[in-house]
Amino acid sequence: MTPMIRLWLMKSEPGVFSIDDLARADNRTGGWDGVRNYQARNFLKAMRKGDRAFFYHSSVQPPAVVGTVEVVREAYPDPTQFDKKSAAYDPAASQDNPRWFQVDVRLLAKFKNPVGLEAIKSSPELRDMPLLRHSRLSVQPVTPRQWKRIEQMAGH
DNA sequence: GCCAACGTTGGC
DNA sequence: GCCAACGTTGGC
């Protein structure tokens with residue numbers, strides 16, 4: 001039986017963690033920590049090894065999909081929730097009862113031609129992306145059709 | 001820096 | 001359980 005590969009989009013502010021940071025990491029792999037939204041967390045927990053995701057840069061000009069990553073480790077407790085020095089510290093979380101999770105991702109490709117938010121808005125095939133409707137959802141599903149369209153726009 | 005959208009908190 | 005107040009995200 002062939003496991004279904006799911007497709008996602010994950011947002012990050014490049015000033016905090018950028019696609020180039022991931023490119024420089026050991027094995028081009030890093031933990032996607034700091035997610036503190038329940039709906040986004042539930043999507044993180046639904047991710048399976050081998051799933052792919054777009055890496056989206058938010059809060060920069062221009063906001064854009066800048067590449068693709070692959071899930072290499074499924075959800076496990078995000079250690080920053082226990083770290084009092086972290087901005088993502090959550091006093092309500094405990095080791096016994098973690099509230100927040102992260103996955104590890106490996107960089108697959110950095111787009112030569114990032115796909116800007118403006119271009120996404122102008123493409124009729126992409127009008128239903130949660131990105132355009134729920135701007136605050138930092139981890140969200142992508143349909144195969146949307147995936148193909150964005151890769152096409154990126155020249156990949 | 002502003003502010004719309006929307007998620008979270010807490011008083012009742 | 002409602003909802004006002006508050007906080008955060010993220011485009012502009």
Side-chain angles (χ1 to χ4, degrees), chain A residues 6-25 30-47 51-71 74-105 107-143 145-156:
Chain A
R6 275 163 289 196
L7 304 167
W8 310 92
L9 180 145
M10 304 169 86
K11 298 184 189 176
S12 183
E13 295 185 32
V16 177
F17 186 73
S18 72
I19 195 166
D20 290 324
D21 292 328
L22 187 59
R24 282 189 292 266
W32 203 276
D33 61 16
V35 171
R36 293 295 182 270
N37 167 285
Y38 288 105
Q39 204 182 347
R41 179 203 65 182
N42 293 341
F43 286 134
L44 280 178
K45 287 172 112 173
M47 289 181 176
D51 284 3
R52 296 189 171 201
F54 286 129
F55 195 131
Y56 179 86
H57 277 175
S58 67
S59 293
V60 278
Q61 200 48 243
V65 175
V66 292
T68 56
V69 301
E70 177 179 8
V71 175
E74 296 177 7
Y76 61 100
D78 174 350
T80 64
Q81 72 193 302
F82 309 124
D83 177 3
K84 286 188 177 159
K85 281 168 284 182
S86 168
Y89 173 65
D90 183 349
S94 67
Q95 298 278 353
D96 286 347
N97 192 16
R99 182 180 289 199
W100 305 110
F101 293 80
Q102 67 180 80
V103 297
D104 288 352
V105 297
L107 183 64
L108 288 177
K110 180 181 168 180
F111 290 159
K112 274 198 203 110
N113 303 303
V115 180
L117 181 61
E118 201 51 46
I120 291 171
K121 282 184 184 169
S122 324
S123 175
E125 296 98 320
L126 303 177
R127 93 167 65 105
D128 293 330
M129 289 187 75
L131 184 67
L132 305 181
R133 290 162 179 238
H134 307 287
S135 65
R136 324 189 45 171
L137 190 58
S138 59
V139 179
Q140 53 184 262
V142 171
T143 68
R145 177 176 156 85
Q146 291 162 351
W147 185 273
K148 278 184 199 149
R149 177 64 180 143
I150 287 181
E151 287 212 310
Q152 176 193 43
M153 290 163 81
H156 277 248

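Chain letters run A, B, ... following the sequence lines, proteins first and then strands; every chain starts at 1.
R99(A) places no side-chain N or O within donor-acceptor distance of the main-chain N or O of Q81(A), the cut-off being under 3.5 Å. In terms of modelled atom types and a separation under 3.5 Å, the side chain of D21(A) and the main chain of S18(A) share a donor-acceptor contact.
Legend: residues meeting side-chain contact (heavy atoms from CB on, under 4.5 Å) with P79(A), ordered by chain and number and at least two apart, are Q102(A).
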Check: residues 52-71 of chain A side-chain donor-acceptor pairs under 3.5 Å, at least two apart:
residue, atom, partner, partner atom, Å
H57(A), NE2, I19(A), N, 3.1
T68(A), OG1, A109(A), N, 3.4
E70(A), OE1, R106(A), NH2, 3.2

Can you give me every donor-acceptor pair (side chain of residues 113-131 of chain A, partner residue at least two apart or in another chain, under 3.5 Å) with its distance?
residue, atom, partner, partner atom, Å
S122(A), OG, E118(A), O, 2.7
S123(A), OG, E125(A), OE1, 2.9
S123(A), OG, R149(A), NE, 3.1
D128(A), OD1, R133(A), NH2, 3.3

Protein proximity profile, nucleotides 3-10 of chain C - base contact B, sugar-phosphate-only contact S, no contact -, cut-off 4.0 Å on heavy atoms: ----BBSB

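The overall bend of the helix from dG1(B)-dC12(C) to dC12(B)-dG1(C), read as the angle between its terminal helix axes built from five base pairs each, is 10° when rounded to 10 degrees.
Applying the side chain to side chain donor-acceptor pair (under 3.5 Å) definition to pairs two or more places apart or across chains, those involving residues 85-96 of chain A are D90(A)-W100(A).
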Show your reasoning for whether side chain to side chain contact (heavy atoms under 4.5 Å, CB included) applies to R36(A) and D78(A). CA-CA 10 Å; R36(A) 293 295 182 270; D78(A) 174 350; 3.0 Å; yes

